[in-house]
Amino acid sequence: MSLRRWTREARLTFAMRNPLGGFGRVPTAPAQTLRDPWPGNPAVGERLVRNQAFFEGVAHPLHHGQWDSPSWPQPYREWLQGFGWLRDLRELGAESARVKARSLVATWISIPASERPVSDPAITGARLAAWLSYYDFFAATADDHFRQTLMAALIMEGRSIIALMPEGAEGWRALTALKGLLSVAVAIPDQPDFLSRFLKLIDETINNQFLPDGSHKTRNPENQFQAVREMAEITSILQIAHLPLPSSLMSVCNRATLVLRAMRHNDGGLMIFNGSMAREAPWVAHIISRASRSNVIAASIADSGYMRLASGRTLLLADAGSVAPTGFDSTAHAGMLSFEFSSGKQRIIVNCGSSTQRGWAEALRQAAAHSVLEFKDLSPIDINKAGHVTRRPQVTRHHTTQDGAHWLHMTHDGYAQHGGGTYMRQLYLGPDGQTLRGEETLPGGTRTDFCVRFHLHPDVTIEQTENGFLLYTEEESWLFQSDAHATIEESVYLGGPHRAPTRQIVLTPIVPQPTPITEDTEHTEHEPGEADLTADGTEQAAYLVEEQQLSTTPQDNQQPEHTPEFYSAPSPEAESYATYTQPETYEEADLSHTQLQEEHYTAEPTPMVEEDDYAPIPRDPPPADSVPTLLGGVVHLHYTAERTNLGTTDTLFAEQARAEEAAARQARRVEEARAAAAEEVSSPLPLAQQLANQPMPCPPVRWALSLVSE
């Protein structure tokens with residue numbers, strides 16, 4: 001046994017001495033009872049009366065005197081031992097509920113002190129606060145022996161928190177432990193050690209958990225929600241006891257509440273990133289109203305790395321930050337650059353969510369469970385067996401607005417060391433909120449076996465048309481289009497209380513194929529002085545024109561109940577991103593890599609210049625309700641011959657990102673041409689065949705989501 005663990009056990013043993021056996025005075029009732037500000041669920045209370053615990057959609061039988069089991073999930077153990085379900089019995093209000101509450105508390109305090117599970121101060125803190133919040137409900141009319149035994153348990157378990165803190169609890173759970181300590185201090189003011197210890201720890205605990213803008217360091221909206229809830233309760237207890245409010249507590253609580261408001265969709269629930277779940281909107285609103293009287297939403301939550309883009313009825317929430325720092329990364333997901341999109345109160349594009357079940361929890365941390373680009377065999381982060389992140393990608397972001405429109409440019413290098421290049425995602429949200437466009441690229445990458453996933457909310461239905469995918473909500477219809485191969489696959493949504501099946505749109509790039517090397521090409525000789533022209537001309541002709549089409553791959557609707565899978569059922573089509581069935585009604589579009597990468601595009605002369613239907617940075621977005629523009633112009637990509645008038649958007653992205661790439665690309669061409677001319681005599685392969693054997697560059701994937709009708 002290590003010295004640290006031995007001293008910890010010694011402190012805990014000393015703290016759990018029963019005060020009833022000594023010379024200390026144990027009061028028969030608390031000097032001050034508390035008021036739990038949160039509503040209960042009478043249906044859960046009714047199940048408890050019938051000896052059945054209902055937690056997160058799963059029913060567990062209650063056995064007399066059993067408070068722990070190796071087979072129990074940790075969240076259920078915390079819920080049962082934390083006694084927060086007393087509010088559910090109180091909400092039921094029947095005499096049977098009162099008797100059941102008293103019986104369960106009696107079985108706990110009858111456990112010998114040395115055998116009582118008090119090693120987690122956060123669970124102990126929740127239990128003490130619950131006992132004192134519902135004391136009048138289950139204990140006020142009990143006999144003297146029960147009440148004095150309960151008060152002794154409050155003292156012992158309060159001392160256990162002192163013995164174990166601050167090392168015993170981390171994150172927002174440390175606030176739960178301190179809440180319990182404060183509750184005992186208010187109930188038993190004759191023992192000042194409880195209050196002095198609370199005041200000593202509260203400032204340090206709060207300052208260590210929050211960033212300057214009020215965001216929780218874990219970057220988990222669920223942890224933000226729980227931390228705001230605990231700070232609201234602590235503030236309420238201090239006000240009930242007429243104790244001074246620490247200035248740091250009030251300041252951080254106000255800032256954290258503003259951030260929590262910004263982390264909600266328009267339906268009132270939380271966004272789903274890094275281990276969070278949506279939560280019920282009234283529950284979130286109630287906690288926010290208790291924590292702050294202000295209705296202000298944080299204008300920016302840049303410290304946490306989240307971006308909030310609102311336009312018209314639509315809202316886009318994007319994860320544009322890196323992984324949480326060491327010590328706060330146990331819930332970090334590989335969802336960098338992913339986003340969620342909602343219109344009105346309807347979520348459309350979502351992330352898959354989180355779970356407390358081990359298999360699901362691990363699977364949901366991967367990039368495939370997010371609406372983002374991913375490689376099937378690569379992860380942008382590395383997670384060790386303890387659940388902590390050992391490799392963190394560098395993330396950049398740039399956001400600008402003009403006339404109500406938003407442009408968001410994000411990158412991360414999580415795939416770079418494996419040949420995937422730097423992942424670059426550009427998003428454009430129109431000024432009226434009726435157009436969302438994106439471009440996914442991998443500059444410097446040599447792999448093309450990636451896909452881009454868009455998980456849909458279960459309430460959204462999808463239909464394939466010859467012009468794209470129509471997404472239906474109760475109030476609107478949206479058209480999803482792309483210049484890449486598109487399929488519909490099965491997905492799963494765990495953002496709510498129950499796991500729900502849903503669908504996802506999966507985009508895979510149209511990979512240009514090398515020009516076949518013919519016998520005539522192999523024996524073609526170049527005249528002296530044509531090296532530069534040959535190199536450039538070979539690059540222009542090295543790829544074939546690909547068909548630009550949308551397709552749907554039949555999927556098996558059945559999925560194992562407990563197997564977290566984000567890919568389709570095992571089949572040749574599902575195992576390979578390159579196998580798709582394409583409709584014959586789509587026209588051809590020239591998607592050669594050279595055209596997509598050049599700053600100045602070339603195209604066949606057309607009577608009028610048309611806008612690129614997928615560009616995330618359009619010069620003049622077409623009206624979202626213009627059906628001919630949305631449906632008729634999507635089957636062919638059109639590029640302008642020249643770009644002469646550079647606006648804000650062109651300057652931000654085209655000039656900033658592409659100018660440097662164009663210069664570097666031109667320099668590489670010159671060097672390649674010179675090297676090819678020098679090696680042509682000695683090389684056993686002609687220049688065209690050498691270029692054909694080089695790795696294919698990663699083509700961009702571009703897509704558009706447009707409102708069709710309301």
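Since the model is a prediction, treat every value here as computed from it, not as a measurement.
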Please tell me whether [X] and [Y] have a donor and an acceptor in their side chains that are separated by less than 3.5 angstrom.
X	Y	result
N274	T331	no
S215	D213	yes
E440	Y423	yes

Can the ring centroids of [X] and [Y] be said to lie less than 6.0 angstrom from one another?
X	Y	value
H333	H370	yes
H216	F210	yes
H457	Y493	yes

Report the distance from atom [atom1] of [X] to atom [atom2] of [Y], rounding to the nearest 0.5 Å.
X	Y	atom1	atom2	value
L471	I462	CG	CD1	5.0 Å
D413	T396	CG	OG1	9.0 Å
R308	I301	CZ	CD1	8.0 Å
R365	C352	CZ	SG	15.0 Å
D459	T502	CG	OG1	8.5 Å

Open item on the list: Set out, in order, the CA-CA distance, both residues' side-chain angles and the distance that settles side chain to side chain contact (heavy atoms under 4.5 Å, CB included) for L260 and L270, then state yes or no.
Closed with: CA-CA 8 Å; L260 183 60; L270 299 178; 3.6 Å; yes
How would you list, by chain and number, every residue that makes a ring-ring contact (aromatic ring centres under 6.0 Å, His included) with [X], sequence neighbours excluded?
X	answer
Y415	F375, H412
H265	none
W172	none

TODO: Please assess M336 against S338 for the test side chain to side chain contact (heavy atoms under 4.5 Å, CB included), listing each intermediate value before the final yes or no.
DONE: CA-CA 6 Å; M336 293 76 62; S338 63; over 6 Å; no
Open item on the list: Is it true that, when you exclude E170 itself, more than 12 heavy atoms of the residues, nucleotides or ligands shown sit nearer than 6.0 Å to its CD?
Closed with: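 Check fails, neighbour count at 12 or below.
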Open item on the list: Can you confirm whether E463 is buried at CD, in the sense that more than 12 heavy atoms of other residues, nucleotides or ligands lie under 6.0 Å from that atom?
Closed with: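 Correct, the count exceeds 12.
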Are the side chain of [X] and the backbone N or O of [Y] linked by a donor-acceptor pair below 3.5 Å?
X	Y	value
R453	V506	no
T411	M424	no
N384	G387	yes

- [ ] Taking all heavy atoms of D329 and all of A324, pick out the closest pair and write down the distance.
- [x]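 The answer is CB-O, 3.7 Å.
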Open item on the list: Which heavy atom of H455 sits nearest to which heavy atom of S491, and what is that distance?
Closed with: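 Looks like ND1-OG, 2.7 Å.
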Open item on the list: Looking at Y306, I'd like to know if the NZ or CZ of R219 sits under 6.0 Å from its six-membered ring centre while staying within 45 degrees of the ring's axis.
Closed with: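 Geometry flag: set, cation within 6.0 Å and 45°.
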Open item on the list: Quick check on side-chain contact (heavy atoms from CB on, under 4.5 Å): which of R425, M410, M271 does F339 satisfy it with?
Closed with: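 Of R425, M410, M271, side-chain contact (heavy atoms from CB on, under 4.5 Å) with F339 is met by R425 alone.
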TODO: Go through the steps for F225 and R279 under the test side chain to side chain contact (heavy atoms under 4.5 Å, CB included), then give the verdict.
DONE: CA-CA 9 Å; F225 166 81; R279 290 284 179 181; 3.7 Å; yes
TODO: Please assess I272 against R347 for the test side chain to side chain contact (heavy atoms under 4.5 Å, CB included), listing each intermediate value before the final yes or no.
DONE: CA-CA 11 Å; I272 302 174; R347 303 188 187 205; 3.9 Å; yes
Task: Reference residue W478; test ring-ring contact (aromatic ring centres under 6.0 Å, His included); the match among F341, F454, Y472 - done: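 The ring-ring contact (aromatic ring centres under 6.0 Å, His included) with W478 is passed solely by F341 among F341, F454, Y472.
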